[in-house]
Amino acid sequence: MVFRFLATGDTFVTIAFSYRVGEKSVRRIIYETCEAIWKNLSPIYMSPPNQEQWQKIEEGFRTRWNFPNCVGSIDGKHVVINKPYHSGSLYFNYKKMCSLVLMAVVDAECKFIMVDVGGYGKNSDGSIFANSNFGERLREEKLDFPNDKSLPGTEEPMPHVIVGDEAFPLHKNLMRPYPVMHF
């Protein structure tokens, strides 16, 4: 049942009918199994990088993109869904459709480093980031980034950064495009 749900996105009602099991049982089985999978596999496959791994990621950005001291790129992606019952406007986004938000940090080869899945479509990337474990750990400087180092041709040590778009706030370790001033 769980594999069918994950592979096809069928509704609990459809799966319950196919397996001749109650809808509430299907819901419980799927939620409990997915929670167990996440609990046991996320520390192995989705744990935050350590200093050595951050340094390898920085090397990738420096050599591939000529972007020294960069240790990741962050953005959110709206994944279109059918509106859940009794959800009001929680999932209704600015594109006038219902969605969940997948927020991810990727390395220089666009491989996922960290993810946050399940933000309501109505929320902006900035607010999802602000309320995520990753955002909290970045603000509190608990991501085990490598020590500051100087950029090529300079003496002043600079922090390692993650780059994002204008939806994200400026922070010591979060860089975004400089806002254009119109006069």
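When hydrophobic clusters are built by joining Ile, Leu, Val, Met, Phe, Trp and Tyr residues whose side-chain heavy atoms come closer than 4.5 Å, directly or via intermediates, Ile37 is grouped together with Ile44. A single hydrophobic cluster is not seen to contain both Phe92 and Leu100; linkage of ILVMFWY side chains at heavy-atom distances under 4.5 Å, directly or through other members, places them apart. Under the 4.5 Å side-chain heavy-atom criterion for grouping Ile, Leu, Val, Met, Phe, Trp and Tyr, Tyr91 is not connected to Val79 through any hydrophobic cluster. Under the 4.5 Å side-chain heavy-atom criterion for ILVMFWY residues, a single connected hydrophobic cluster contains both Val117 and Val106.
Once rounded to the nearest 0.5 Å, the distance linking NZ of Lys77 with CG of Leu102 reads 9.5 Å. Here the straight-line distance linking atom CZ of Phe67 with atom CZ of Arg62 works out to 13.0 Å at 0.5 Å rounding. Residue Gln55 holds its CD atom at 10.5 Å from CD of Gln53, rounded to the nearest 0.5 Å. One finds the CE atom of Met46 at 7.5 Å from the CZ atom of Phe112 (value rounded to the nearest 0.5 Å). Taken from CZ in Arg64 to CD in Glu59, the straight-line distance is 13.5 Å, to the nearest 0.5 Å. Distance check, rounded to the nearest 0.5 Å: CZ of Phe134 to NZ of Lys142 gives 14.5 Å.
For Gly135 against Ser132, the heavy-atom pair with the smallest separation is N-OG, 2.9 Å. Scanning all heavy atoms of the two residues, the minimum distance from Ala108 to Gly60 falls at CB-C, 3.4 Å. Annotation for Val71 and Trp54: closest pair O-CZ3, 3.2 Å, computed over non-hydrogen atoms. Closest of all the heavy-atom pairs between Met114 and Pro48 is SD-CB, 4.3 Å. Scanning both residues, Arg176 and Glu166, for their nearest heavy atoms gives NH1-O, 3.4 Å. Shortest non-hydrogen contact noted between Cys98 and Lys83 is SG-CB, 3.6 Å.
Between Glu35 and Lys39 there is no salt bridge, since none of the side-chain N atoms of the basic residue sits less than 4.0 Å from a carboxylate O of the acidic one.
Qualifying salt bridge (Lys or Arg N to Asp or Glu O under 4.0 Å) partners for Arg28, counting only residues two or more places apart in sequence or in other chains: Glu32. Partners of Lys95 by side-chain contact (heavy atoms from CB on, under 4.5 Å), not counting sequence neighbours, listed by chain and number: Asn93, Met97. Every salt bridge (Lys or Arg N to Asp or Glu O under 4.0 Å) that Lys172 has, sequence neighbours left out, goes to Glu141. Remark: Ser124 pairs with Ser127 by the side-chain contact (heavy atoms from CB on, under 4.5 Å) rule, at least two apart or across chains. Listed by chain and number, the residues in a salt bridge (Lys or Arg N to Asp or Glu O under 4.0 Å) with Glu23 are Arg27 (sequence neighbours excluded). Applying the side-chain contact (heavy atoms from CB on, under 4.5 Å) criterion to Ala167, with sequence neighbours excluded, gives Asp125, Asp165. Legend: residues meeting side-chain hydrogen bond (donor to acceptor under 3.5 Å, both in side chains) with Lys24, ordered by chain and number and at least two apart, are absent. Residues meeting the side-chain contact (heavy atoms from CB on, under 4.5 Å) test with Glu52, sequence neighbours left out: Asn50, Lys56.
Sequence neighbours left out, the pairs with a member in residues 106-123 that pass side chain to side chain donor-acceptor pair (under 3.5 Å) are Glu109-Lys111. Pairs passing the ring-ring contact (aromatic ring centres under 6.0 Å, His included) check and including a residue from residues 147-175, sequence neighbours excluded, read Phe129-Phe168.
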Contacts under 3.5 angstrom, residues 150-157 side chains, donor-acceptor by atom type, not counting sequence neighbours:
residue, atom, partner, partner atom, Å
Thr154, OG1, Leu151, N, 3.1
Thr154, OG1, Leu151, O, 2.7

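Using a distance-only test at 3.5 Å, with no hydrogens or angles considered, a donor-acceptor pair links the side chain of Asn69 to the main chain of Lys149.
Cluster note: Ile15 groups with Met1, Val2, Phe5, Leu6, Phe12, Tyr19, Val21, Val26, Ile29, Ile30, Tyr31 through ILVMFWY side-chain heavy atoms spaced under 4.5 Å, whether in direct contact or through intervening members.
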Original post:
Would Ile74 and Leu174 count as a side chain to side chain contact (heavy atoms under 4.5 Å, CB included) if you check the C-alpha gap in whole Å, the side-chain angles of each, and the deciding distance to 0.1 Å?
Top reply: CA-CA 9 Å; Ile74 186 170; Leu174 184 59; 4.1 Å; yes

**OP:** Apply side chain to side chain contact (heavy atoms under 4.5 Å, CB included) to Asn173 and Ile162, showing your working.
**Re:** CA-CA 6 Å; Asn173 299 111; Ile162 291 175; over 6 Å; no

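Counting heavy-atom neighbours within 6.0 Å of Asn40 CG, excluding the residue itself, gives a total above 12.
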